[in-house]
Structures are given as C-alpha cells and as structure tokens.
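Structure first, commentary second.
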Protein chains: 2
Amino acid sequence: MKTTEQEKLERRANILKALAHPSRLMMVDELAKGERCVCELQELVGADMSTVSKHLAVLKKAGLVESDKRGLQVFYTLLSPCVMNFFTCVESVIEAHTEQTIEAGNR
Amino acid sequence: MKTTEQEKLERRANILKALAHPSRLMMVDELAKGERCVCELQELVGADMSTVSKHLAVLKKAGLVESDKRGLQVFYTLLSPCVMNFFTCVESVIEAHTEQTIEAGNR
DNA sequence: TAACTGCTTGGCAATATAGCCAAATAGCGC
DNA sequence: GCGCTATTTGGCTATATTGCCAAGCAGTTA
C-alpha cells in the first residue's frame with residue numbers, strides 16, 4: 001500500500017478539517033480533561049443530540065477520538081492530546097493577526 | 001472589545017479551516033522553506049492560477065501568510081512557522097488511526 | 001499609449017457541510 | 001414482551017467550499 005504525497009496531504013487535511021469547527025473544538029477541549037459521555041458534551045455545546053453525535057462521528061472518523069459504550073451511555077476519549085499543543089500556535093496566529101488588522105485600521 | 005469563549009473557538013476553527021485543504025497544506029509546507037511567488041506555488045500544486053490565488057487569499061485572511069508585491073510578482077511568506085509543529089502531531093494521529101483501522105479489518 | 005505578464009476577482013456549477021426533525025437502534029428495568 | 005433512556009442514522013434544506021473560465025487590474029516594456 002503505497003502512500004503518495006498527495007494522499008498524505010489529504011489525510012492531514014482531513015484531520016484538520018475534522019477539528020475545524022467551533023463545537024468540535026469545544027468538545028476536544030473538554031475531552032482533553034477526560035472521557036465524557038455524549039449527554040455531557042451535548043449540554044456543553046448546547047445543540048441537538050443528533051448534531052453532537054454527528055460531530056463526534058466526524059472526530060472519530062478522523063481518528064481523533066474513540067468511543068466506548070457502557071450501558072446506555074457512550075463515552076468518548078481523546079486519542080491524541082498533542083492536538084492541544086497546536087492551540088498555542090493558533091493563539092499566536094490570532095494575536096499577530098489581530099494586531100496586524102488593528103494596525104491596518106481594519107482595512 | 002470583549003472576546004467571548006464562542007468567538008475564541010470560532011477564530012481557532014477558522015485558522016484550522018484555512019489549513020484544511022491539501023493544496024493549501026502543500027503551499028504552507030513550501031512556504032515554510034522560504035517566500036515564494038504565486039507562479040512558483042502554482043507550478044507546485046498544478047492548479048489554475050486563479051485557484052491558487054484564491055487559496056492564498058484564504059491563508060492570508062486567516063493571518064497565516066503575508067503577501068508582498070514586487071514588480072509583476074507577488075511573494076507570499078509564512079507568518080507562523082509553528083504551524084509546522086502540528087504536523088508531527090497529525091502524523092501520530094494518522095499512524096495510530098491507520099493501525100487501528102487495519103487491526104479492525106477496515107470495518 | 002499599446003501590448004504583455006503576473007495576479008486577482010466575479011460568476012457559475014458541482015460538491016460538501018451543518019443542523020434540525022423524525023425514525024431507528026441498543027441496553028436496561030419491569 | 002413493553003416502556004424508557006441514550007445514542008445513532010436518514011432525510012431534508014440552507015449554506016459554504018471548490019475549481020474552472022473569463023474578465024479586470026497593476027506593473028513593465030516598448
């Protein structure tokens with residue numbers, strides 16, 4: 001199974017795409033603290049349970065989380081906490097960009 | 001100017017969304033090596049120049065790159081090389097996920 | 001000014017994503 | 001089995017993204 005450069009990029013992009021949503025980021029952030037059931041995450045993001053479930057499916061498909069059904073509830077776990085490190089970088093982008101935008105008078 | 005938790009998440013998501021495309025990842029990767037003009041990036045990704053230009057506009061809007069017109073050419077620079085660090089994490093997600101998928105017999 | 005180059009923008013069609021409701025599914029207690 | 005709860009899935013519409021072509025625009029050269 002040969003991995004072309006193109007496939008590599010697509011896989012990277014898919015992981016980023018999976019993270020690229022406010023609700024999903026919120027969930028990942030919460031899951032970084034420990035496993036959570038869908039109901040907890042639903043309360044957190046305040047959307048329909050079906051919506052939350054679909055978001056979780058996206059994260060799972062990307063390989064970012066894992067699910068474990070115990071009784072009636074399904075618990076999700078963050079598989080790659082290193083994802084959180086990225087946010088430090090993201091914050092620096094945001095800061096720099098905000099300054100720049102203000103400097104430029106919101107041009 | 002108060003930054004609500006929601007706005008923070010949206011800004012993070014926007015940066016991730018800006019990165020979440022194979023062609024844009026390829027360009028960011030290239031720009032990590034140094035500034036490049038649009039024509040060089042076009043050759044790299046092999047798409048229409050207008051497409052490349054639009055991708056660059058997305059990266060610029062997110063605050064990830066900067067552009068500088070010199071003569072007829074426009075040169076782009078990567079503003080936040082820390083973005084590259086993330087890819088180490090992304091690779092680990094991919095590896096773990098691939099193993100998992102193979103283990104599960106591509107279920 | 002005119003023609004040329006490098007790039008950006010507008011417009012459009014194809015495709016993907018988001019979020020709601022309703023229906024289906026799975027596990028539990030009776 | 002029946003009803004109940006937690007979650008997932010299907011279906012739908014609204015909205016966003018992508019990538020091409022054509023047109024526009026700025027800088028250069030003649």
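Just so we're on the same page: letters track the sequence lines, and every chain starts at 1. Side chains are part of it too, since the values below use all heavy atoms of this structure and drop only hydrogens, waters and symmetry mates.
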**Q.** Pairs where residues 74-84 of chain A contributes a residue and the test salt bridge (charged side-chain N to carboxylate O under 4.0 Å, His left out) is met, not counting sequence neighbours
**A.** none
Q | Qualifying residues under side-chain hydrogen bond (donor to acceptor under 3.5 Å, both in side chains), relative to A:Glu35, sequence neighbours excluded | A | A:Arg70
**Q.** DNA chain C contacts among residues 42-57 of chain B, heavy-atom distance under 4.0 Å
**A.** B:Met49, B:Ser50, B:Ser53, B:Lys54
Could you write out each protein N or O paired with an N or O of nucleotides 23-29 of chain C at a distance under 3.5 Å?
none

Please list, chain by chain and in numerical order, all residues satisfying side chain to side chain contact (heavy atoms under 4.5 Å, CB included) with [X], sequence neighbours excluded.
{"X": "B:Thr51", "answer": "B:Ala47, B:Asp48, B:His55"}
{"X": "B:Ala57", "answer": "none"}
{"X": "B:Glu30", "answer": "B:Lys33, B:Arg36, B:Leu41, B:Leu44"}
{"X": "B:Glu43", "answer": "none"}

Q.
Tell me whether A:Val28 shares a hydrophobic cluster with A:Val74, the cluster being built from Ile, Leu, Val, Met, Phe, Trp, Tyr side chains joined at under 4.5 Å.
A.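 Yes, because A:Val28 and A:Val74 connect within a single hydrophobic cluster, where side-chain heavy atoms sit under 4.5 Å apart.
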(Q) Membership question, hydrophobic clusters at under 4.5 Å side-chain separation (ILVMFWY): are B:Leu56 and B:Leu72 in the same one? (A) no
Does any non-hydrogen side-chain atom of [Y] lie less than 4.5 Å from one of [X]?
{"X": "A:Met27", "Y": "A:Val52", "result": "yes"}
{"X": "A:His21", "Y": "B:Leu16", "result": "no"}
{"X": "B:Phe87", "Y": "B:Leu25", "result": "yes"}

**Q.** side-chain N/O B:Tyr76 vs C:dG6 OP1/OP2, d < 4.0 Å
**A.**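 It does not, given that no N or O in the side chain of B:Tyr76 lies less than 4.0 Å from OP1 or OP2 of C:dG6.
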Q. Among residues 22-39 of chain A, which residues get a heavy atom nearer than 4.0 Å to DNA chain D?
A.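 Within residues 22-39 of chain A, the residues near DNA chain D are A:Cys37, A:Val38, A:Cys39.
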Q | Residue pairs involving residues 50-91 of chain B (criterion disulfide (SG to SG under 2.5 Å); sequence neighbours excluded) | A |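 Output for this query lists A:Cys82-B:Cys89, A:Cys89-B:Cys82.
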**Q.** Contact interval (first through last nucleotide) of DNA chain D with protein chain B, 4.0 Å heavy-atom
**A.** D:dT17 to D:dT28
Q) Can you tell me how far C1' of C:dA18 sits from CD of B:Glu10, to the nearest Å? A)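 That distance rounds to 13 Å.
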Q. What is the distance from CG of B:Leu41 to C1' of C:dT8, rounded to the nearest Å?
A. 15 Å
**Q.** Summary of side chain to side chain donor-acceptor pair (under 3.5 Å) pairs that have at least one residue in residues 71-93 of chain A, sequence neighbours excluded
**A.**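 The answer is A:Glu91-B:Arg12.
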